[in-house]
Every structure is written in C-alpha cells, then in structure tokens.
Visitor: 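Please find one structure pasted underneath; my questions will follow.
Below, all heavy atoms of this structure are taken into account, side chains as well, without hydrogens, waters or symmetry copies.
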Amino acid sequence: MDTKQTYRRLIEEIIIGHAKVPYAFGDIQFETVFDREQDRYLLMILGREKVGGDFPNTTRRVHGCLIHIDIIDGKIWVQRDGTEEGVANQLVEAGVPKEHIVLGFRSPEFRKITDFAVT
C-alpha cells in the first residue's frame with residue numbers, strides 16, 4: 001500500500017474513532033465527511049445542548065467542525081483539531097513521521113518551533 005493510501009486509511013480510522021465517543025452534554029451527533037478525491041476529511045458536530053442557568057430545559061443549536069484534515073503535497077495538514085488528545089499525536093503514534101504532519105491551525109512562525117513540518 002502506498003503512503004497516500006496509508007495516510008487516508010489512518011485519518012479515516014482516527015476520525016471514525018472520535019465519532020464513536022458519546023457527547024455528554026446534549027443530543028449531539030457526529031457526521032464524518034470523507035472526500036477522497038480532494039483528500040479532505042472532516043468530523044462535523046451537530047445537535048442541541050443544554051444551556052442551563054435560569055432555564056434548565058433550554059437548549060441551543062450546536063453545529064461545527066471538530067476535526068478537519070487535508071492531504072496536500074503528500075503531507076497531512078491538520079487544519080482544525082477540537083480533540084483533547086490531539087490528532088497530530090495520534091498520527092505520530094500510528095507511525096506517521098512528524099515531518100509529514102503540518103499543524104495548519106498554528107501560525108507558520110509557531111510551526112518553526114515545533115518538531116512538526118512548517119509547510
């Protein structure tokens with residue numbers, strides 16, 4: 001299996017793993033979006049969560065992107081990471097070299113002081 005196929009499989013496994021974690025504060029669902037043609041991978045979060053305060057039964061809509069990863073020029077770009085453990089750390093644990101991972105959500109200046117790729 002070539003590197004790009006391996007990266008696609010790892011990214012999808014990591015995102016699916018996060019999609020299975022139940023959300024404790026409301027009626028929240030996770031949706032995976034895998035665009036293998038564009039090499040774009042998302043974990044979307046949507047539903048309703050409790051607001052609390054004076055109206056304990058009140059809820060608010062939740063909609064957003066928890067994880068966004070792209071494969072660009074053979075490198076894995078972590079564009080958004082809303083997880084506690086960090087997707088980049090999971091990729092490293094799975095065997096991806098740090099120089100193949102770009103922390104896209106960080107500034108280029110900050111990336112220079114990490115062990116991860118700058119671009």
Side-chain angles (χ1 to χ4, degrees):
M1 187 180 294
D2 72 12
T3 302
K4 197 170 198 177
Q5 290 296 328
T6 300
Y7 287 175
R8 287 175 175 151
R9 182 184 52 78
L10 286 173
I11 291 166
E12 289 179 5
E13 286 175 3
I14 289 169
I15 289 177
I16 288 169
H18 284 284
K20 292 179 179 176
V21 177
Y23 193 81
F25 304 106
D27 182 20
I28 304 294
Q29 299 175 359
F30 295 101
E31 293 184 358
T32 59
V33 181
F34 299 152
D35 179 353
R36 293 178 187 97
E37 196 167 303
Q38 300 298 318
D39 277 324
R40 183 161 294 123
Y41 306 86
L42 305 168
L43 178 59
M44 301 299 297
I45 181 171
L46 64 132
R48 300 201 71 81
E49 68 180 2
K50 291 183 179 178
V51 175
D54 294 335
F55 303 99
N57 293 327
T58 303
T59 62
R60 69 175 165 213
R61 179 171 167 73
V62 174
H63 180 267
C65 175
L66 188 64
I67 300 172
H68 174 183
I69 300 173
D70 296 326
I71 299 176
I72 303 171
D73 295 331
K75 292 185 181 175
I76 298 173
W77 281 70
V78 181
Q79 307 284 16
R80 164 93 173 103
D81 184 358
T83 69
E84 291 181 14
E85 61 267 50
V87 171
N89 293 329
Q90 290 183 280
L91 290 165
V92 170
E93 288 174 14
V96 177
K98 286 184 174 182
E99 61 268 17
H100 288 194
I101 302 169
V102 179
L103 303 177
F105 59 91
R106 297 284 188 194
S107 70
E109 294 79 20
F110 183 84
R111 287 184 224 149
K112 290 178 186 175
I113 61 171
T114 70
D115 293 334
F116 293 96
V118 175
T119 58

Visitor: Hey, are Lys75 and Glu99 close enough for a salt bridge, meaning a charged N less than 4.0 Å from a carboxylate O?
Guide: no

Visitor: For Pro108, which residues count as a side chain to side chain contact (heavy atoms under 4.5 Å, CB included) partner, sequence neighbours excluded?
Guide: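 Once residues adjacent in sequence are excluded, the partners of Pro108 under the side chain to side chain contact (heavy atoms under 4.5 Å, CB included) criterion are Arg111.
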
Visitor: So does Asp35 have more than 12 non-hydrogen atoms from other groups sitting under 6.0 Å from CG?
Guide: yes

Visitor: Quick one: salt bridge (Lys or Arg N to Asp or Glu O under 4.0 Å) pairs with a partner in residues 39-60, sequence neighbours left out?
Guide: Lys4-Asp39, Arg8-Asp39, Arg40-Asp70, Glu49-Arg60

Visitor: Atom OH in Tyr41, atom CD1 in Ile16: separation rounded to 0.5 Å?
Guide: 11.5 Å

Visitor: Return the CG to CD distance between Leu103 and Gln79, rounded to the nearest 0.5 Å.
Guide: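 Nearest 0.5 Å value for the CG-CD distance: 10.5 Å.
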
Visitor: Identify the residue among Asp2, Leu10, Thr3 that makes a side-chain contact (heavy atoms from CB on, under 4.5 Å) with Thr6.
Guide: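 So, applying the side-chain contact (heavy atoms from CB on, under 4.5 Å) to Thr6 and each of Asp2, Leu10, Thr3, only Leu10 qualifies.
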
Visitor: How about Phe116 and Val102: do any of their side-chain heavy atoms sit closer than 4.5 Å?
Guide: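 When only atoms from C-beta onward are counted, Val102 and Phe116 do not touch, as no gap falls below 4.5 Å.
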
Visitor: Could you tell me the separation between the CG atom of Asp81 and the CG atom of Leu43, rounded to the nearest 0.5 Å?
Guide: 10.5 Å

Visitor: How does the hydrophobic cluster around Ile113 look, that is, which other residues are in it when side-chain heavy atoms under 4.5 Å mark a link?
Guide: Phe110

Visitor: Measure the CE-CG distance between Met44 and Leu46 for me, rounded to the nearest 0.5 Å.
Guide: 7.5 Å

Visitor: What is the distance from atom CG of Leu91 to atom CD of Glu13, rounded to the nearest 0.5 Å?
Guide: 11.0 Å

Visitor: Let me confirm one number: the OH-CD1 distance from Tyr7 to Ile101, rounded to the nearest 0.5 Å.
Guide: 7.5 Å

